[in-house]
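Comments concern the structure below.
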Amino acid sequence: MAINIPATVYRDSTPPDLTEEQEKLKKDLYDKIPARRKKFIDKIGYENWDPFPKPNDPMEIRRDVSKRTSQELFREYFQTRPKDEVQSNAYRQAVLELAIGIIGRDEKYLGFFDFAVWYYHLLQQEGYVEENAAQEKEQ
């Protein structure tokens, strides 16, 4: 019975290409491994087992068009808020979640953002929000 092992078992999806010295070290390591651990190696195949994996690439830090991370946007947003204004944990969590969603280009959060911008402009057009008052509040 052949076992189909997914390519995700290998870090870069390719079997290792080892030197003679690494092959000898690999054999020595295999001989010293307990039988229980050898089961896993035998399942993926000794020839596919890489005891010397390459390190993973560093995590990509996502940024928006202004080159800010979600944490930077979160921090800057709250720095613009009045110091005496109290926000609940739910409010702060929502701001962070929205920042992460927008930078990650998540459709759900892009929808929230687009609707909020549209609604703000609608209120401006109908005279519920004055443009000058909004600009003064930002400064």
A side-chain contact here means heavy atoms from C-beta on lying under 4.5 Å apart; do Gln71 and Leu96 qualify?
yes
Taking atom types as modelled and ignoring hydrogens, do the side chains of Gln87 and Glu85 form a donor-acceptor contact shorter than 3.5 angstrom?
yes
Are any side-chain N or O atoms of Gln125 and backbone N or O atoms of Leu122, one a donor and one an acceptor, separated by less than 3.5 Å?
no
Would you say the side-chain atoms of Tyr30 and Asp42 include a donor-acceptor pair closer than 3.5 Å?
yes
Taking everything shown except Arg63 itself, do over 12 heavy atoms lie less than 6.0 Å from its CZ?
yes
Cluster check Phe115, Val129: I/L/V/M/F/W/Y, side chain < 4.5 angstrom:
yes
Measure the acute angle between the ring planes of Phe112 and Tyr109, then classify it against the limits of 30° and 60° as parallel, tilted or perpendicular.
perpendicular
What distance do Thr80 atom OG1 and Glu76 atom CD have between them, rounded to the nearest 0.5 Å?
8.5 Å
Within a strict 4.5 Å, meaning less than it, do heavy atoms of the Ile103 and Leu73 side chains meet?
yes
Side-chain contact, heavy-atom cut-off 4.5 Å: Thr19 with Glu23?
no
Heavy-atom closest pair, residues Ile41 and Ile33
CD1-CD1, 3.6 Å
Taken in chain and number order and not counting sequence neighbours, the residues that satisfy side-chain contact (heavy atoms from CB on, under 4.5 Å) with Phe52 are Leu18, Gln22, Leu25, Lys26, Leu29, Asp50
Within the 4.5 Å heavy-atom criterion, are Gln93 and Asn89 side-chain neighbours or not?
no
Check the pair Thr69 / Ile61 against side chain to side chain contact (heavy atoms under 4.5 Å, CB included), numbers first and verdict last.
CA-CA 7 Å; Thr69 65; Ile61 297 176; 3.7 Å; yes
Taken to the nearest 0.5 Å, the spacing of Glu97 CD from Asp106 CG works out to 9.0 Å
So for atom CD, which belongs to Glu21, do other residues, nucleotides or ligands contribute more than 12 heavy atoms lying within a distance under 6.0 Å?
no
Between Lys24 and Asp28, is there a side-chain N and carboxylate O pair less than 4.0 Å apart?
yes
With Phe78, which residues qualify under ring pair (Phe, Tyr, Trp, His ring centres under 6.0 Å), at least two apart?
Phe74
